[in-house]
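Report on the following structure.
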Number of protein chains: 2
Amino acid sequence: MKGFHLNLSVMTPGHFRHAWRLPHADPLSYLDIDFFQRLAWIAEDAKIDAVFLGDAPALHDGIEEAPGTGLDPFVLLGNLAAITTNLGVVITSSTTYNSPYDLARRFQDLDHVTKGRAAVNVVTTGTPAAAANFGLTEHPGKRTRYRRAHEFLEVVTRLWDGWAPDAITADKDRGRFADPSRIHRIDHEGEFFSVAGPLPVKAGPQGRPVVVQAGGSEGGLALAGRFADVVFTVAQTRAKAVAFRDDIRRRAAAAGRHPDDVKTSLGVVVLVAATEQEARRREQELYATLPIERLTAALLRNLGLPHGEFGPDDPIAADDLPDTVPGGAFSAGFSSATRALIAEGPRTPRELIQRGAGGAGHRLLVGSARQVADDLQSWFEAGAADGFTVMPAETVVDLENFANLVVPILQERGLFQEDYGHRTLRGRLGLPLPSPPLPTAVQALA
Amino acid sequence: MKGFHLNLSVMTPGHFRHAWRLPHADPLSYLDIDFFQRLAWIAEDAKIDAVFLGDAPALHDGIEEAPGTGLDPFVLLGNLAAITTNLGVVITSSTTYNSPYDLARRFQDLDHVTKGRAAVNVVTTGTPAAAANFGLTEHPGKRTRYRRAHEFLEVVTRLWDGWAPDAITADKDRGRFADPSRIHRIDHEGEFFSVAGPLPVKAGPQGRPVVVQAGGSEGGLALAGRFADVVFTVAQTRAKAVAFRDDIRRRAAAAGRHPDDVKTSLGVVVLVAATEQEARRREQELYATLPIERLTAALLRNLGLPHGEFGPDDPIAADDLPDTVPGGAFSAGFSSATRALIAEGPRTPRELIQRGAGGAGHRLLVGSARQVADDLQSWFEAGAADGFTVMPAETVVDLENFANLVVPILQERGLFQEDYGHRTLRGRLGLPLPSPPLPTAVQALA
């Protein structure tokens, strides 16, 4: 069936970040390329569309308790792309802490070497600690970061479109390799960037690498409507997910795009086993790894509640919540997903933390393979998303279980692909090739 | 025999950049990952220490005539490292157009995923066009670029050293993953950079990735003496190469290092065939691809001579040359190598261009496999270099000929390794592991 896409987040030890404490876990697997290569082969055998890794360019402040930020995603996923054939790679990069020429070039060239499997997940970076690694005295505010992100993607897109498809003439007799009049500078001058271009080489197989966007704030949604091919979303309730998808499609249409040209991929933390009983047993095991006091404090901050106002087992009701979440708190998407849960009825921090995979905010789905498959199918059929980004609760176990137990059910039901079809990620996602640049003559005159 | 190292430059179509015009050449091979993977496997079969690729982040201005700058070296060589086991990768990166935190992180993490095969070739970028791609109205002068490069490498090195080897405690019972007091911020504040650190993960197998330096100006040599593990050099005469190696070893000693801890690798363009006659035939074929008028103009500029002062076949004598080369011309190393040739006797631009591989400045070595092996051996034994960076005249032909015909001779003579010994590139080059950071307690108090 067209349009049911699956990505896999390869974060390890898993989306329960404290899973490294389990007896069988290797705490150093997050630095072990052999481990990740095995994950990539499992994912490719299961015909997963793409692997994904989040990132922030700083040491995360919970290093006492869990690995957190690991290897640079460009380095790690670039390696995994090299040892696979069909798997797409969705690489998180910051528009706040990169330069657009460098990023445009690296992703375009990754598209060449992967033969059309490169995707960039643009984030504005919500980690204040990153600022001090890049010469800033303070982390820019969200509005500034998104203004920069808009301009960043405008520059990157124009750079990707800079070479006319027929620019390389390769005329051996005359010794003319390329026609410079078909290779266009962009000469961008804006608030944040001044970039001349063009890139050193022509576009890769996808024309433009796939652009993914993940932020749920107004700034993030506006950016997604204009630029994103795929939007990663977070939702704890089906109604919220449906409304989000409708909204993002409307925004794409308002930006002059076809609504089918933007796909949503709903993040879901999956804890799956052969039987529900076994899954429930592992769930308890994972809960026991959580530092509940610290996570409660983080949750209260995220919801805009005073420190210490609620203990782990004190119910929080809708009218306990402030109307607005203070700036500088957690991501807007995570806050809003959690608030939607509380709106359904009072919840304790412990419940919220457990349902949100140790506090990371995404919905936790626990069960047998059939239960997980049923859940994904029903959300998909309700219009909650065009696909899912599977975030294994504990990577080493839940990826293998998902690939070996859940995927075959989804394939039997005709929901998920049994074979990679299109050669490129863009083609597989049903996204159009970007429009080619204007005809040469017109641009050359302009 | 210890200390005879071989790197391979994988520039294509070759160091005769116009070789794409030859009847059998594929003009688009420079974008073809399958082509490069085949080169990497040939190099690894031949036990070559590392592959190398130069770079400048801009469209090169000779695109009408030849490919020039190709794929981003980090992307391309990262891919080649992933599909090989022992081959080192020497990746050119600009200290002028990168940020040190990002570069330190990417190379450290490449060291993890390659299990100790990462090397960065730091350049300050001599291509003025790059400036306009990174928001600068003009390309910084050489003195500024090298001042920035010093500070850049100081920051990068301190970031690489930031985690004490015992920082990860992985205490499952207590839930303590790492000891933050053993992970050190650098809090660097300098003329160009303000960087807090630390990096998100600990150092890779090499401790620090290998640092390569390639600039021959006073600024470049000073940088090399202080930071470089390997120095790429250019010399048209043996005396020049010997003097250079002595100089760089003295500079390392003056910086408090052991002179054996810096290795020189002499770039040499190799055109090799089964017989000398065949090599000479191919040499003429390659000369015929050269746009001699344009290269003559570039050569005169490089030597500080007025445009049009000499035709391709007018001899230039030593006293025709100005005392100093104007700023903004070609690299100091290339100018100085060419001037050394002219000092031996008058040369025409055509001769100089042909001896310098189409004008790129490195020495061209043409002959049978035995002749090439004899030449390399005699230069090595004269103390001209610790090894060579082989730059195939025409990559697709000369790499294979070098690997299949020359390497076995060097191995038979006991000069070059028959097997990869050390697991890491640093170990193989006979370089020490960097000193570990100060003991934790001392740093924590400081």
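This structure is a prediction, so every number in the text was calculated from the model and none was measured.
- Checked by atom type and distance alone, the side chain of B/K172 pairs as donor or acceptor with a backbone atom of A/A25 at under 3.5 Å.
- Other residues, nucleotides and ligands contribute over 12 non-hydrogen atoms within 6.0 Å of the CD atom of A/E191.
- To the nearest 0.5 Å, the span separating CG on B/N98 from OG on A/S99 amounts to 7.5 Å.
- When all heavy atoms of A/A58 and B/Y101 are compared, the pair lying nearest together is CA-OH, 3.5 Å.
- Per-residue counts of heavy-atom pairs under 4.5 Å with chain A were compared for B/H60, B/K202, B/R105, B/H188; the largest is that of B/R105.
- You'll find the side chain of A/D72 stays beyond 4.5 Å of the side chain of B/H112, heavy atoms only.
- Contacts from residues 64-71 of chain A to chain B, taken as heavy-atom pairs separated by less than 4.5 Å, involve A/E64, A/E65, A/A66, A/P67, A/T69, A/G70, A/L71 in sequence order.
- Residue A/L28 touches chain B through its side chain alone, counting heavy-atom pairs closer than 4.5 Å.
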Please report the C-alpha distance between B/R21 and A/F177 in whole Å, then the side-chain angles of each, then the deciding distance to 0.1 Å, and finally whether the side-chain contact (heavy atoms from CB on, under 4.5 Å) criterion is met.
-> CA-CA 9 Å; B/R21 297 179 65 187; A/F177 181 74; over 6 Å; no
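- The shortest non-hydrogen separation linking B/D171 to A/W20 is O-CH2, 3.4 Å.
- Considering B/V113, B/L110, B/N79 in turn, B/V113 is the only one that fulfils the side-chain contact (heavy atoms from CB on, under 4.5 Å) rule with A/N79.
- Under the ring-ring contact (aromatic ring centres under 6.0 Å, His included) criterion, A/F192 pairs with no residue, sequence neighbours left out.
- Minimum heavy-atom separation, B/I63 to A/P180: CG2-CG, 4.3 Å.
- For A/R185, no part lies under 4.5 angstrom from a heavy atom of chain B.
- By the 6.0 Å contact criterion, CG on B/D26 is enclosed, its count of non-hydrogen atoms from other residues, nucleotides or ligands being greater than 12.
- Of the listed residues A/P198, A/G78, A/G204, the one with more heavy-atom pairs under 4.5 angstrom with chain B than any other is A/P198.
- For chain B, the option among A/A56, A/A82, A/P291 with the highest count of heavy-atom pairs below 4.5 Å is A/A82.
- Interface remark: of the candidates A/D55, A/I186, A/D32, A/D55 forms the most heavy-atom pairs closer than 4.5 Å to chain B.
- Heavy atoms closer than 4.5 Å to chain A are found in the side chain of B/I33, but not in its backbone.
- Only the side chain of B/F74 comes within less than 4.5 Å of a heavy atom in chain A; its backbone stays farther off.
- By number of non-hydrogen pairs under 4.5 angstrom with chain B, the leading residue of A/V195, A/L159, A/L59 is A/L59.
- Ranking B/L80, B/L31, B/D187, B/I83 against chain A, the residue ahead of the rest is B/L31, based on heavy-atom pairs under 4.5 Å.
- Contact annotation for B/F134: both backbone and side-chain heavy atoms come within less than 4.5 Å of a heavy atom of chain A.
- Residues satisfying the side chain to side chain donor-acceptor pair (under 3.5 Å) test with B/Y30, not counting sequence neighbours, are none.
- When atom types are taken as modelled, the side chain of A/N133 and the backbone of B/G197 share a donor-acceptor pair closer than 3.5 angstrom.
- Residues that satisfy the ring-ring contact (aromatic ring centres under 6.0 Å, His included) test with A/W160, not counting sequence neighbours, are absent from this structure.
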